[in-house]
Amino acid sequence: ISLPQPRRGTMERAFVQPRRGTMDRAFALALLPCYAFAAPASDAVPKLPGWDKPLPSKVYSGFVDVSAAMGMDMKVHYLYHESEGDPAKDPTILWTNGGPGASSMFGVFVELGPLVLDERSTRTAAFEKTGVPSLFYNDYGWTQLGSVLMFDWPPPVGFSQCGDDPAGDGNACGDWDDERMARASYAALKGWFDLFPERRGNDLYLTGESYAGIATGVDFERCRGGT
């Protein structure tokens with residue numbers, strides 16, 4: 001199943017809301033409860049270390065299996081923070097760090113996520129007691145604008161892995177170039193929408209820094225072509 005096609009001339013929006021066609025309105029409304037609970041409950045994150053309050057929004061963390069697309073056992077780790085506003089309507093913001101080879105968790109937990117680490121994190125009473133760096137609420141977090149999604153790519157960056165071996169070295173998944181990275185990232189994104197089908201209708205923004213400026217451009221072309 002191909003992902004929805006982008007609007008022409010709108011580089012910053014990779015996908016658009018699919019048309020309903022001739023679907024009966026009552027049938028469409030009947031489907032809404034199913035989509036509302038489509039997120040995988042087993043991937044839900046109830047709390048984060050270093051934060052003792054309720055999370056600002058729902059958080060999910062898990063793996064997308066891209067083995068079929070990549071021709072080898074490969075799983076890509078994702079982390080998804082829902083919007084603090086209206087996740088059903090707000091855009092999904094895909095964030096990618098550069099490198100290539102840097103985990104995008106750095107950007108989420110240091111730069112733009114709802115909860116971040118900074119120089120104060122190791123100066124709190126909680127850190128002195130537990131040894132766990134404290135998280136702080138980010139007044140400028142992007143989850144105030146939309147839901148933030150990130151992947152550890154290319155595998156085995158971060159928690160992503162090949163051969164069902166989370167301890168694999170940096171060569172566990174073979175050599176990478178921009179084309180292979182695009183194939184893996186498109187498969188991961190497509191697989192993520194299979195896990196969260198209720199987000200297919202939301203606008204999607206591809207964002208990143210440093211080398212991600214190349215990667216997101218290649219990803220956009222993949223999404224536009226649907227391959």
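Numbers for residues simply follow the sequence, beginning at 1. All of these numbers come straight from a predicted model, not from anything done at the bench.
The nearest pair of heavy atoms linking G107 to W95 is CA-NE1, 3.7 Å. Scanning all heavy atoms of the two residues, the minimum distance from F193 to R199 falls at CE2-O, 3.4 Å. Heavy atoms only, all atoms of each residue included: A69 and R183 are closest at O-NH1, 3.1 Å. Taking every heavy atom of both residues into account, P87 and N202 meet most closely at O-ND2, 3.0 Å. A pairwise comparison of heavy atoms in P91 and Y205 identifies CB-CE1, 3.2 Å as the closest pair. When all heavy atoms are compared, the tightest approach of L195 to V64 is CD1-CG2, 4.1 Å.
Checked against salt bridge (Lys or Arg N to Asp or Glu O under 4.0 Å), D165 has no partners two or more places apart in sequence or in another chain. The side chain to side chain contact (heavy atoms under 4.5 Å, CB included) test applied to D177 returns E179, R180, not counting sequence neighbours. Residues passing the side-chain hydrogen bond (donor to acceptor under 3.5 Å, both in side chains) test with T124 are S134, sequence neighbours excluded. The side chain to side chain contact (heavy atoms under 4.5 Å, CB included) search around K58 returns Y60, E82, not counting sequence neighbours. For S103, the side-chain hydrogen bond (donor to acceptor under 3.5 Å, both in side chains) partners are D152, not counting sequence neighbours. Residues satisfying the side chain to side chain contact (heavy atoms under 4.5 Å, CB included) test with P154, not counting sequence neighbours, are V157, W176, M181. For D175, there are no side chain to side chain contact (heavy atoms under 4.5 Å, CB included) partners, not counting sequence neighbours. With sequence neighbours left out, S83 forms a side-chain hydrogen bond (donor to acceptor under 3.5 Å, both in side chains) with D90. A search for ring-ring contact (aromatic ring centres under 6.0 Å, His included) contacts involving Y80 returns W192, F196, not counting sequence neighbours.
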Pair F136-S121, side-chain contact (heavy atoms from CB on, under 4.5 Å): steps then yes or no: CA-CA 8 Å; F136 292 90; S121 296; 3.9 Å; yes
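The ring pair (Phe, Tyr, Trp, His ring centres under 6.0 Å) contacts involving residues 154-173 comprise H77-F159, where partners must be two or more places apart or lie in separate chains. Among residues at least two apart or in separate chains, side chain to side chain donor-acceptor pair (under 3.5 Å) pairs with a member in residues 41-50 are D43-Y78.
For the pair C173 and P156, the minimum side-chain heavy-atom distance is below 4.5 Å. For the pair L112 and T207, the minimum side-chain heavy-atom distance is 4.5 Å or more. Using a 4.5 Å cut-off on side-chain heavy atoms (C-beta onward), N97 and E111 make contact. Counting heavy atoms from C-beta outward, W142 and H81 have side chains that stay 4.5 Å or more apart. Between P56 and Y137 the shortest side-chain heavy-atom distance falls below 4.5 Å. Looking only at side-chain heavy atoms (C-beta outward), R200 and D194 come within less than 4.5 Å of each other.
Put simply, the side chain of E198 never gets that close to the backbone of A88: no donor and acceptor are under 3.5 Å apart.
Following chains of ILVMFWY side-chain contacts shorter than 4.5 Å, one cannot reach L94 starting from V108, and the two form parts of different hydrophobic clusters. Cluster membership check: F151 does not share its hydrophobic cluster with L79, using side-chain heavy-atom separations under 4.5 Å among Ile, Leu, Val, Met, Phe, Trp and Tyr. Cluster membership for L149 and V66, using ILVMFWY side-chain heavy atoms within less than 4.5 angstrom, is shared. No path of Ile, Leu, Val, Met, Phe, Trp and Tyr side chains, each step under 4.5 Å between heavy atoms, connects V116 with W51, placing them in separate hydrophobic clusters. I93 and M105 fall within the same hydrophobic cluster, where Ile, Leu, Val, Met, Phe, Trp and Tyr residues are linked whenever their side-chain heavy atoms come under 4.5 Å apart, directly or through other members.
Rounding to the nearest 0.5 Å places OG of S61 at 9.0 Å from CG of L48. Residue E128 holds its CD atom at 11.5 Å from CZ of R123, rounded to the nearest 0.5 Å.
No hydrogens or angles considered: a donor-acceptor pair under 3.5 Å links the side chains of E84 and T143.
Cluster partners of V110, using a side-chain heavy-atom cutoff of under 4.5 Å among ILVMFWY residues and allowing indirect links, are F106.
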